[in-house]
Each structure stands twice: as structure tokens, then as C-alpha cells.
Amino acid sequence: MPVTGLPPYDEGNIFARILRGEIPCRKVFENEHALAFHDINPQAPIHVLVIPKAPFVSAADFHAGADDATIAGFWRAVGQVARDLGLEPKGYRLLANMGHDGGQEVPHFHVHLFGGRPIGRMVPGA
Ligand code: 5GP
């Protein structure tokens, strides 16, 4: 059972459909734990999404409910994607939106990886 206060996992969400191969994506990395692909509406020259293959809605949900190998595999994949995209030397931003206030559009836990230019202020209007 999810331990999040967010809605339960929806198997019909767009990232679940990408994971099942029902919708195409521009893949940059895949292993048993994670899939990374270009965002369909990029907000920076490089905008890649890294998603765990396991079905969780939020960070709280994922880190409480996934096993250690899944959690480690996901975060290792995030690091590998950043390296593979050549982002380490100049830097980049990782961001994860959660729920309504976080502006989460797709209810499958994921991180955004932004790079290719200075990304600017952390929170707009702050
Ligand atoms: P969220 O607001 O949930 O953190 O971000 C979801 C992201 O998924 C958005 O940046 C949006 O552009 C991206 N997205 C939504 N649908 C698709 C899709 O079908 N394919 C890809 N590649 N990205 C998508």
C-alpha cells in the first residue's frame, strides 16, 4: 500500500503507458530500474525525465515502498544520465514535482534534469 497522502497509483498515467511501450519516447537510458527520455515540452536545451520502473506516485511513496535495490538503481541511473549527457562539468538541475502544490502533472514519481544553459532561480518569484 502506498504511504503517501497523494492519490493511489494510476496505471493509466502517461509514464506507465510509456513504460508499457504503448506510447513512444525519445529514450536516452534504460536499465532494469529506470527509464530516461526527453521531455516532450522541453524547458531547457537539455530536459530529460528519469523515471523508476516501479509504480509510485511521489518521493515519499517511492522511498518508503520500494526496495533498496530499486531505490539505489534509480538514483544511480540519474547520475549516469547526467554523466552520459555531458552535464557534470558545467552543472545542471534536478527537480521533482509532487502533488497539486508541487505542480505535478504526471502522477508517476520522476525527476527532471535540466541543463545546457544556466537554469536560473530555484523557485520563480522567490
Ligand atoms: P511534472 O509536472 O509531472 O513534474 O512533469 C511532467 C512532464 O512530463 C512535463 O514536463 C511534460 O512536458 C512531460 N510529458 C507529459 N506527457 C509526456 C509525453 O507523452 N512524453 C514525454 N516525453 N513527456 C511528457
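Ligands are counted one by one from 1 in listed order, and the atoms in each one are counted from 1 as well. In this text the structure is predicted, and so the values were computed from the model without any measurement.
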Atom indices of ligand 1, in the order listed, that fall short of 4.0 Å to a heavy atom of [X]:
X: N97; answer: 1 (P), 2 (O), 4 (O)
X: H110; answer: 1 (P), 3 (O), 4 (O), 5 (O), 6 (C)
X: I14; answer: 16 (N), 19 (O)
X: F15; answer: 8 (O)
X: H112; answer: 1 (P), 4 (O), 5 (O), 7 (C), 10 (O)
X: N41; answer: 12 (O)

If Ile, Leu, Val, Met, Phe, Trp and Tyr residues are connected whenever their side-chain heavy atoms lie under 4.5 Å apart, and connections chain through other members, are L94 and F62 in the same group?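 Yes; tracing contacts between hydrophobic side chains, which count when under 4.5 Å, links both residues.
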Looking only at N/O atoms, are [X] and ligand 1 under 3.5 Å apart anywhere?
X: Q104; value: no
X: I23; value: no
X: I40; value: yes
X: H47; value: no
X: L49; value: no

Quick check, are the ring centers of [X] and [Y] under 6.0 angstrom apart?
X: F114; Y: H47; answer: yes
X: H110; Y: H112; answer: yes
X: F56; Y: F109; answer: no

Among all the protein's non-hydrogen atoms, which is closest to [atom], and how far away is it?
atom: atom 3 (O) of ligand 1; result: E105 N, 2.7 Å
atom: atom 12 (O) of ligand 1; result: D39 OD1, 2.5 Å
atom: atom 22 (N) of ligand 1; result: H38 O, 2.9 Å

Quick one: does [X] get within less than 4.0 Å of ligand 1, heavy atoms only?
X: R17; result: no
X: Q43; result: no
X: C25; result: no

Return yes if some donor-acceptor pair links the side-chain N/O of [X] with the main-chain N/O of [Y] below 3.5 Å, else return no.
X: Q104; Y: V57; answer: yes
X: R83; Y: V78; answer: no
X: K90; Y: R117; answer: no
X: H38; Y: L49; answer: no
X: E30; Y: V28; answer: no

Side-chain ion pair, R20 and E11, N-O less than 4.0 Å: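 Yes, this pair counts.
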Spacing of CG belonging to L35 relative to CD1 belonging to I51, to within rounding of 0.5 Å: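 Nearest 0.5 Å value for the CG-CD1 distance: 5.0 Å.
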